[in-house]
Structure formats: C-alpha cells, structure tokens
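Have a look at the structure below, then the notes.
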There are 2 protein chains.
Amino acid sequence: MSGTERMIAPNLRKQHDRCADCAIRHRAVCSYCGPQELSLLDAIKFYRNYEPGQEIVAAGERTDFLGSVVDGVVSLSKTMPDGRRQMVGLMFASDFVGRPMRPIAPYDAIAVTPVRLCLFNRTRFERLLRDTPVLEKRLLEMTLDELDAARDWMLLLGRKSAREKIATFLAILARRAASAHNTHADDGFAFDLPLTREQMADYLGLTIETVSRQITALKKDGVVEFADARRCLVPDFVVLLDAAGEDADGGMID
Amino acid sequence: MSGTERMIAPNLRKQHDRCADCAIRHRAVCSYCGPQELSLLDAIKFYRNYEPGQEIVAAGERTDFLGSVVDGVVSLSKTMPDGRRQMVGLMFASDFVGRPMRPIAPYDAIAVTPVRLCLFNRTRFERLLRDTPVLEKRLLEMTLDELDAARDWMLLLGRKSAREKIATFLAILARRAASAHNTHADDGFAFDLPLTREQMADYLGLTIETVSRQITALKKDGVVEFADARRCLVPDFVVLLDAAGEDADGGMID
DNA sequence: GGATTCGCTTGATCTGCGTCAATGAGAACC
DNA sequence: GGTTCTCATTGACGCAGATCAAGCGAATCC
C-alpha cells in the first residue's frame, strides 16, 4: 500500500536501455513487446517498495494498480473466518501481480522479503492491453503457467506426506537458485530460504512444528544440510527429488 | 480420443442460429464474439462424444484439438508414480478444455458422465486467436477464473477438515444446480451427484471411506438428505455453507 | 546487564483420517 | 435363480500430523 518511490539502480540501468525491470524481461509480461509497446509501458509505470511483512493488498480490497515483481518475494494467501490460513502462491522476480479486468483482489498479497514492484495504473494498463494483442497473449501464457503451478500444488496439498511436501518445496527453491546462477550444480549447491517456518507451514498446509520436525528428519537422513535455519544446501538433487515423491527424469535441472 | 461425430440436436438448433454450443454461449469462449468471429469458429469446429470413464487425453500426451464442453462433466487429474491421484479440476458445460500454445497436456482429462465436446483444430484455433483479440481476451478471463477456482481449492485441500471438504463440494454443486434451474430455492432443492465416491475422494484429497463416513454424518446432522447415493437434497443452504466453514454472506446464491 | 521478543526446535499426548476388512445393495449376465 | 461385479457403507485399529507445552539461541530494547 504505502511504499517509497526510488531511483532506478544504476547497475540495472546499465544492462538494458529501457527500464529497470527489463533485467527480468525475458520472463515478464513485456517479453513479447517491441520498442513501441515498451515505451508505452514505460510511460505509465512507476515503482514501489515494500518491507518484509508489509501488506500489498488485502483480500476483498479494490486495487488500482498491477504490475511485475522486480525484486523480492510476494506471498498470496487466503484466510478463513476462524483464522486458518493457506498460501496459494509465491511470486518471484518477473511474476505478474494483479489481474486485469478483476479489480477486487481475491486474496492477501504480502511482501515476504523486501520487495520492489514495477506498477501500472489499472485503467491505463487495461486500455493498453486492448490495443496490444501481443501483451494480452503474453499475459494469457503467464496465467496458464500459474494455473499449472496451482494445480501442481493441489496435488501436493491433497496427496503428499509432510516429508514430501517439504522436499518438494526445497526442490523448487533449489531449482530456482540453480537456474538463477546458471549453475548445473551436479555436486550440490546452496540457497537461502526466503520464508519463515510459519510461512512454509502456511504454504504447505502444515503446522510450524511439523515443518520443523520434517526438516530435522531430512537433515538426519542426509537429504539436505542447513548452515543455519535459513540457509540450505542440497548435496544431491536427485535424492531430494526422490524424497519429494517425483520421478527424477521429469524434474531435472535444465 | 475415439468418439463419434453426431448430428446437432434439433432442439439446440432451434434456440440459436449458429451452433449447438451457443446454448452455453454467454459463458463460453465465444461469448464476446460477433457474427464474423462466430462464423470463423463455426467453420473449424467439430463435435466428439465420450462415454463415462473414457479418457479424453492422457498426461504427457500431445493434443491436436481444444474446445468447449457442450454437455457432461470432465475431470482433470494428476497421478503420482506410485498411483496416488488428485483431481485438479472439474469442467462443466461451457468450460474450455485444452490450452492454446501448450500442446502437451499436463494432466489426464477423463469423461465423468457422458460428455459432448465442441472441438477446434489446434493450429487453426491458434491462428484464429492471433487475429481475434476479443477471443484471446475472453480466454484470458476464463483462465483467470480457473486460477481463482484452483486457489480456492488449495485452501480446501490444505486447511479444511474432511467434513468441511464434503460440505464445500456439495455447496458448489447445489449452487450450480440452483443457477442452472433459475431456482432461488429458499426452502431446499435437490441435485444429482455426478461423481462416484472414489472420484469425490480424488477431488477432495480424501479416501472413499472417509467420504462415505462424512456424508453419513452430514445426513445424521440434518445438513443434507440423500434419496439414494447419488441424489442429494439440501434443506437449508446456509446450514450447508456453515458446515463448509464459510461465512454465509459471501456464498449466497444470487 | 537483564528483560523481552521472535523464530525455531523438541518432547508428550491426542485425534482425525487412513488402512484393512467385512458386509450390503443393485445391476448385468449366464 | 444364482453368480459376479461395481459401488457404497460400516467397523476395528493404527499412525501421521495436530495440539499443547517447554526450552533455546539471537536480536532488540531498556
């Protein structure tokens, strides 16, 4: 909600000629855009920063902006009347937050880490969308990908054991970290857990205690190592995938 | 996969001047289409029928067609290597099956009831999509709605009790039945369960036995009545919503 | 330095749901 | 009519994960 506008970091400026979030452009909404559409997007964009724990939008609230995650992690979650909470999505850099033609947010969006968003005014963005089929097409593709991810998560929530849930989540983070660093990491690599145990529990449909216990168990079994509670090292990715209940073939790091 | 082409039913013909699935048009892909786009869609469409239990596509398989459900219920499900299965979606009349620009199906699609699909050749449909922004826009909206539904289901799978899961599912079917018959049904109404207990279990992340037991419990508590195993009657929708763990306000039949 | 807080871990116990097994009720077939 | 098959129900039992409770290290604050 409230966030401070900040100058574009010089090191991001250097990499591309247009806008700061172009560092993530190949996966973002604008990835099919030509110079003309990009300049139109540029004209209406602005940036906003959020602190960890800060609410970006609340469920049921009207949102007048939407845009891309430039940096940090955003959680989407639903809460039942009695307080039970389920995280329904985690958004990383280049992911699109907010839904065109749907001004009412159906879930809470909260900054998990320090977050920087590249935002567009809703009505302007929707107008641009009408005139820019290539942008709409990209948005459709991203939404389809999110739908796939959501359905994968349904399998996890409905059918996987606590151990498998944890292992799956760690495998996803490991894969992300590997592709971000262009590491093939045949002999193990490390990454930071952006979430607290409580946030993991909300994401995985478990309690804090179960999360903690299962992580301990995975450590004891040598599947993962932890430098501290937030720093994870995976010695053998295939072993982790196996613990996640997935066939190793389908889940290789590419 | 294998299905028989059939003539368009005369009674559907009568209602509209274009195509049989126009009976469901106001909610389907083509709902924003003008006469010109409709005739283009008409030119490339064909129909296919499936028997209950029949596989429409298997996970990992290439699909050369996509389209709308005209009649019947289709399940989308994922299966783990060891056989655990989770249904990730139920498609009813007017829902769109198959994903443009994604020729490999990520899950099994199976006919739950007798199903009739209105299909389009993939490449032709995608070409049409490129030239018809209004169609693309509609598809984006439908995908956003599906994403919402998937995320609602994540809350159910991750945080709801067996009793709440059953009640939620029955409430969804009850609401569907009510809107289909234009019933407000302040004093109860009945509907048919399209799924077997096993399919319900796969949808809700439970076992057959638990589904059966919880239905028995809901009957004993007077929340629902069953004429037989497949025919359900809801005396008071608000009571059912309460059992589903939802606030009655948000879930009223409109 | 002491007190408080926060995030995490660990232990003890409880319970909701899964597992295993038996039975019943229709429907289809010989 | 009897057999077989499928689908649903019910009971007995066990276990994975929730709940309740305590303790621990590291910040933060006074």
Side-chain angles (χ1 to χ4, degrees), chain A residues 51-54 75 80 82-86 110 112-113 156-170 192-221 224-232 243 245, chain B residues 51-54 75 80 82-86 110 112-113 156-170 192-221 224-232 243 245:
Chain A
E51 291 307 306
Q54 194 180 346
S75 75
M80 291 176 65
D82 65 358
R84 280 175 282 177
R85 183 175 301 144
Q86 177 64 49
I110 298 171
V112 168
T113 63
L156 176 140
L157 291 172
R159 293 303 186 194
K160 289 194 176 182
S161 68
R163 182 188 172 95
E164 289 170 330
K165 286 178 175 181
I166 302 281
T168 303
F169 179 61
L170 294 178
D192 281 315
L193 270 173
L195 306 189
T196 66
R197 297 292 186 262
E198 183 172 25
Q199 289 165 335
M200 285 183 64
D202 283 344
Y203 199 24
L204 299 170
L206 298 171
T207 59
I208 315 180
E209 296 93 329
T210 301
V211 170
S212 185
R213 272 188 259 269
Q214 293 300 333
I215 286 180
T216 305
L218 287 172
K219 282 191 288 190
K220 198 157 53 192
D221 296 346
V224 293
E225 296 162 27
F226 277 78
D228 66 90
R230 294 296 202 92
R231 181 93 190 148
C232 178
Chain B
E51 291 308 307
Q54 195 180 344
S75 75
M80 291 177 64
D82 65 0
R84 280 175 283 176
R85 183 174 303 143
Q86 177 64 49
I110 298 171
V112 168
T113 63
L156 176 141
L157 292 172
R159 293 302 186 193
K160 289 194 176 182
S161 68
R163 182 186 171 95
E164 289 170 330
K165 286 178 176 182
I166 302 281
T168 303
F169 179 60
L170 293 179
D192 282 314
L193 270 172
L195 306 188
T196 66
R197 296 292 186 264
E198 183 172 27
Q199 290 165 335
M200 285 183 66
D202 284 345
Y203 198 24
L204 300 171
L206 299 169
T207 59
I208 314 180
E209 296 93 329
T210 300
V211 169
S212 187
R213 271 188 261 269
Q214 293 300 332
I215 286 180
T216 304
L218 287 172
K219 281 191 287 190
K220 199 159 49 193
D221 296 346
V224 292
E225 295 162 28
F226 276 78
D228 67 90
R230 294 298 201 90
R231 180 93 191 150
C232 179

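Any value given below was found using the heavy atoms of this structure, including those in side chains, with hydrogens, waters and symmetry copies removed.
Using a distance-only test at 3.5 Å, with no hydrogens or angles considered, no donor-acceptor pair links the side chain of Asp192(B) to the main chain of Pro194(B).
dC8(C) atom P lies 11 Å from atom NZ of Lys219(A), rounded to whole Å. Atom CZ in Phe226(B) sits roughly 17 Å away from atom P in dC7(D) (whole-Å rounding). Rounded to whole Å, the distance from CD on Gln199(A) to P on dG7(C) is 9 Å. Put simply, CD on Glu198(B) is 11 Å from P on dT6(D), counting in whole angstrom units. We find that CZ of Arg197(A) is positioned 17 Å from P of dG25(D), with the value rounded to whole Å. Remark: C1' of dT10(D) and CD1 of Ile215(B) are 14 Å apart, rounded to the nearest angstrom. One interatomic measurement links the two molecules: CZ of Arg230(A) to C1' of dA27(D), which rounds to 14 Å at whole-angstrom precision. For Leu193(B) and dC7(D), the CG to P distance is 15 Å, given to the nearest whole Å.
Nearest to the side-chain atoms of Ser212(A) among the listed nucleotides dC8(C), dA8(D), dG17(D) stands dC8(C). Between dC8(C), dC17(C), dA8(D), one nucleotide has an atom nearer to the side chain of Thr196(A) than all others, and that is dC8(C).
Among the atoms of the strands shown, only primed sugar atoms or phosphate atoms (P, OP1, OP2) are found under 4.0 Å from some heavy atom of Leu206(B). At the heavy-atom level, Gly205(A) lies under 4.0 Å from the strands shown only through sugar-phosphate atoms.
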Cut-off 3.5 Å, no hydrogens considered: what does the side-chain donor-acceptor table look like for residues 200-207 of chain B, sequence neighbours left out?
| residue | atom | partner | partner atom | Å |
| --- | --- | --- | --- | --- |
| Asp202(B) | OD1 | Arg159(A) | NH2 | 3.3 |
| Thr207(B) | OG1 | Thr210(B) | N | 3.3 |
| Thr207(B) | OG1 | Thr210(B) | OG1 | 3.1 |

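In this structure the side chain of Leu218(B) never reaches within 4.5 angstrom of the side chain of Gln214(B), judged on heavy atoms. Proximity of Ile110(B) to Gln199(B): side-chain heavy atoms (C-beta onward) are nowhere separated by under 4.5 Å.
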What verdict does the side chain to side chain contact (heavy atoms under 4.5 Å, CB included) test give for Leu193(B) and Leu170(B), after you've listed the backbone C-alpha separation in whole Å, the side-chain angles of each residue and the deciding distance to 0.1 Å?
CA-CA 8 Å; Leu193(B) 270 172; Leu170(B) 293 179; 3.9 Å; yes
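Annotation for Lys165(B) and Leu157(B): closest pair NZ-O, 3.8 Å, computed over non-hydrogen atoms. The shortest non-hydrogen separation linking Arg197(B) to Val211(B) is CD-CG1, 3.7 Å.
Within 6.0 Å of the CZ atom in Arg85(B), the count of heavy atoms belonging to other residues, nucleotides or ligands does not exceed 12.
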Quick one, give me the B/S/- string for nucleotides 19-24 of chain D, reading 5' to 3', where B means a protein heavy atom under 4.0 Å from the base and S means that only happens at the primed atoms, P, OP1 or OP2.
BB----
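The phosphate of dT10(C) (OP1 or OP2) has a side-chain N or O of Thr216(A) nearer than 4.0 angstrom.
Rounded to the nearest 0.5 Å, atoms NZ (Lys160(B)) and CZ (Arg84(A)) are 8.0 Å apart.
Taking a 4.0 Å limit (strictly below) on heavy-atom distances, residues 159-166 of chain A does not reach DNA chain C anywhere.
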